[in-house]
> 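First the structure, then my questions, so here it is.
The analysis underlying the following values was restricted to heavy atoms, covering all of them including side chains, and did not include hydrogens, waters or symmetry mates. The chains referred to below are lettered A, B, ... by the order of the sequence lines, with proteins before strands, and numbering in each begins at 1. Predicted model, so just to flag it, every value in this text is computed and none were measured.
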Number of protein chains: 2
Amino acid sequence: MPASRGLRGEARAKRAKAVAFAGGARAAPTIDDVAALAGVSVATVSRVVNEKALKRASPVTVAKVREAIAELDYRPLRAGRVLRTLKSHLVALLIPDITNAFYSAVAHSVELAVREIDYATILCNTDESPDLQDAYLNEMQSHLVRGVLLLGAVESPGLRRAAANRLPIVYMNRKAPPGLSGPFVGIDNYAAGQAVAVHFIRQRYERCGAIHGPLHSSASRERFEGYRDRLAGASVELAAADIRGGRLTIESGYSAAVELLDGGARPRAIFCANDAMAYGAYQRCRELGLKVPDEVALFGFDDNPLNQWLAPWLSTIHVPHDRFGPAVARMLCAISGQNGEETPHTILLPFRLVLRASA
Amino acid sequence: MPASRGLRGEARAKRAKAVAFAGGARAAPTIDDVAALAGVSVATVSRVVNEKALKRASPVTVAKVREAIAELDYRPLRAGRVLRTLKSHLVALLIPDITNAFYSAVAHSVELAVREIDYATILCNTDESPDLQDAYLNEMQSHLVRGVLLLGAVESPGLRRAAANRLPIVYMNRKAPPGLSGPFVGIDNYAAGQAVAVHFIRQRYERCGAIHGPLHSSASRERFEGYRDRLAGASVELAAADIRGGRLTIESGYSAAVELLDGGARPRAIFCANDAMAYGAYQRCRELGLKVPDEVALFGFDDNPLNQWLAPWLSTIHVPHDRFGPAVARMLCAISGQNGEETPHTILLPFRLVLRASA
DNA sequence: TAGTCTTAGGTAAACGTTTACCCTGGCGCC
DNA sequence: GGCGCCAGGGTAAACGTTTACCTAAGACTA
């Protein structure tokens, strides 16, 4: 039925003419324009563009099409492709706070790795808020994202709904909330907590303290539990009075330290849930004139790249932020390529103790 | 012609049946499903969804539609809308390095503000590379982004092409490269550089130095020139020997400081192009046993939020990162709403000197 | 009462792709 | 010579929306 073909052709011709007359911004060329210029059908152009079924076109045809594409500076519109295939080339990165050095390092790694497999990253700051997380989860579904990279998941109704809808979610750093499950990439926080305890034990610190993060976060909880359990196993004192908790911010670390260091007797070493909290604790130590680490040793978590320059007094757990990206990329590939290869359920990254002792 | 209607209906019915049998993941509901359930036409559903021409539906119809939407958990697919309107709800944020504290603070602000006007942000790390910048520029055009927020533009052929294609670009922090123009949001770097000079003059520092950034970046260049010119105006010495340049990294700042502080005589104060470079310079001072700021005063730029805690010795220019987002949002609105309101060509944000002097 | 306006809503085309299917001509095989 | 097969490529439907246009029925006016 050439009617349809004719209509299309006409519409295009009209537009081309309008452009010629108006002399304004050139309307973006479509696949039809390319087909017309190359003297082939749109199907052929599509095949060339997608390098798919390329054997179905003779070399000379391919060349003609390529030439036309170059001449028109043709770029296939994503929306058309998405609508047709019902698959986008987008992933969403949900992140508590891009301002946090550790998270932004992970974001960097993710963006790089994901781009390599030809996806674009939508940045979503959740601010640890369940409502925001849900809003994003909803919106991302309507974008047909290929995956949601959930860095620092929090419990929320929308998360359960999304999981029920089979939205492909990869949990990063923090495992899925209780009752849910899904692929995870991150370190073994429990083991890391234990490692800190072992270090403290080796140092013969007799009285140890802890400033832990929110215990609803598996990451915070496990690193604290590993630390606590290992210490208990070695009969090193971790008194309730030497434990404080808070949010993973500098201010929160400061407040906790204010309480922890008020009396005469104080812990010889404190394990903080992340570097930021350790910075806050450090501030308090300085106010009290306590030398770090000689009088009070602080141990952080994440290893902010700035530590080397600005916090040479801080020992910490190095989390390999640059390996998050490749790991999630692997998972994304496994998820979309349903070809047998099972999606790995967990990718555990190695961590490393970084010991610093400068004044 | 009910044939078309019938076809659609049939297709849907088939799918629904398939789902019922397979019991697998429910296919996402479409606008047709909603229309069918509510007993109205798709046009009506669309009107309700878009709150557009809402007066064209009676309250009872609107209620019916809303109910159906809720029951089906319907979320309109972006791709359909984009294809039809040829407008997306996406903006691209091109950023040299999300890992840099200043840039990530700006990214945070942008994401927040842009989300408020219902856009999603695509994160693109350019790493200051012209090639990467061009690759992104291309890709973003095919995404039909509503705007490209170009933080730290670098010269590149693709940038010129994109500008010629009328891609709406907002230059942030760094102005458009020579020969190009476009809306800009950022501070008056020249004035900021002058302000630092004025401060040094007031402090009666007699010998001043500078570690500047890449001079092809308008931001780096202007802040250096403002500083240099103002110093010259007050006949304060800024000898060529006391000037070094480099990339905006800690390591680069360190190297520059190594050269600047090697001899016996040395500048009393050094203006660094950003905080990171100042951190590097600080490290060198410590190695040389020089007290900061008592023996060597360091001045940075950007005001990393960590400074307060980790670098109390660093005076700096506070750049209001949280105001970038609202500013670009305003520009984006002006760009898309072609209704008379001219796009402001420049939004200058206020800066502020932050003076710190702790040991 | 005929004409005009408004209100409420339906119809179908169009956006740019991809891809299942169809077609045609040439070649090898029996 | 009839047959199947393959390579190369075209046709048109379909993806889910939005929206210009159409319609029908009531309300108002002259």
Side-chain angles (χ1 to χ4, degrees), chain A residues 1-12 14-15 27-36 38-62 64-65 74-89 142-144, chain B residues 1-12 14-15 27-36 38-62 64-65 74-89 142-144:
Chain A
M1 204 174 294
S4 160
R5 187 100 212 284
L7 238 104
R8 276 218 162 190
E10 254 176 63
R12 294 226 167 281
K14 200 174 58 182
R15 178 157 66 159
T30 72
I31 198 173
D32 300 78
D33 300 326
V34 177
V40 300
S41 77
V42 293
T44 304
V45 176
S46 177
R47 289 194 269 255
V48 171
V49 167
N50 293 300
E51 316 248 324
K52 210 182 215 167
L54 239 193
K55 53 201 157 196
R56 290 203 35 189
S58 71
V60 43
T61 308
V62 171
K64 268 193 306 183
V65 172
Y74 166 70
R75 253 180 301 274
L77 210 58
R78 303 301 222 204
R81 186 185 309 214
V82 171
L83 187 52
R84 177 61 226 254
T85 61
L86 292 184
K87 285 182 187 347
S88 81
H89 267 42
S142 84
H143 277 291
L144 276 182
Chain B
M1 204 173 295
S4 161
R5 188 105 212 282
L7 239 105
R8 275 219 160 188
E10 252 177 63
R12 296 228 165 280
K14 198 175 61 181
R15 178 156 66 159
T30 73
I31 199 173
D32 300 78
D33 300 326
V34 176
V40 299
S41 78
V42 293
T44 304
V45 175
S46 177
R47 288 193 270 255
V48 171
V49 166
N50 293 301
E51 317 247 324
K52 210 181 213 167
L54 239 193
K55 52 200 159 197
R56 291 203 36 189
S58 72
V60 42
T61 308
V62 171
K64 267 193 308 185
V65 172
Y74 166 70
R75 255 180 301 275
L77 210 58
R78 301 301 229 221
R81 186 184 309 213
V82 171
L83 189 52
R84 177 62 228 253
T85 62
L86 291 184
K87 284 181 189 344
S88 81
H89 267 42
S142 85
H143 277 291
L144 275 184

> Tell me: CG of Leu86(B) to P of dT17(C), nearest whole Å?
10 Å
> Among dG10(C), dT17(C), dT17(D), which is the nearest nucleotide to the side chain of Thr30(B)?
dT17(D)
> Ignoring backbone atoms, test whether Ser58(B) places a side-chain nitrogen or oxygen under 4.0 Å from the OP1 or OP2 oxygen of dT7(C).
no
> Between C1' on dG8(D) and NZ on Lys64(A), what's the gap in Å once rounded to a whole number?
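Whole-Å distance recorded here is 11 Å.
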> Just the rounded figure in Å: distance from C1' of dT17(C) to CG of Leu77(B).
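To the nearest whole Å, that distance equals 14 Å.
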> Looking at Thr61(B), I'd like to know whether one of its side-chain N or O atoms comes within less than 4.0 Å of OP1 or OP2 on dG9(C).
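Indeed, a polar side-chain atom of Thr61(B) lies that close.
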> Provide, to the nearest angstrom, the distance between the CZ atom belonging to Arg81(B) and the C1' atom belonging to dC15(D).
16 Å
> Enter the distance from Thr30(B):OG1 to Leu77(B):CG here, rounded to the nearest 0.5 Å.
9.5 Å
> Got a list of protein N/O to nucleotides 19-26 of chain D N/O distances below 3.5 Å?
unit_1	atom_1	unit_2	atom_2	d
dT19(D)	OP2	Lys52(B)	NZ	3.4

> Kindly point out which of dG16(D), dT17(C), dT11(D) is positioned nearest to the side chain of Ser41(A)?
dT11(D)
> Whole angstroms only, please: what is the CZ-C1' distance between Arg75(B) and dG16(D)?
15 Å
> By side-chain hydrogen bond (donor to acceptor under 3.5 Å, both in side chains), which residues pair with Thr85(A), not counting sequence neighbours?
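Thr85(A): no side-chain hydrogen bond (donor to acceptor under 3.5 Å, both in side chains) contacts found.
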> Leu144(B) CG to dC15(C) P: how many Å, rounded?
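It works out to 14 Å between those atoms.
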> Taking side-chain hydrogen bond (donor to acceptor under 3.5 Å, both in side chains) as the test, write out the residues that go with Ser142(A), two or more places apart.
none
> If every non-hydrogen atom of Thr44(A) is compared with every non-hydrogen atom of Val65(A), which pair is closest and at what distance?
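Minimum heavy-atom separation between Thr44(A) and Val65(A): CG2-CG2, 4.4 Å.
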> Could you state the interatomic distance from CG (Asp32(B)) to OG (Ser41(B)), rounded to the nearest 0.5 Å?
10.5 Å
> When the distance from CG of Leu83(A) to C1' of dG16(D) is rounded to whole Å, what number comes out?
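In whole Å, dG16(D) C1' lies 5 Å from Leu83(A) CG.
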> Starting at atom CG of Asp33(A), determine the distance to atom P of dG16(C), rounded to an integer number of angstrom.
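One finds 9 Å between P of dG16(C) and CG of Asp33(A), rounded.
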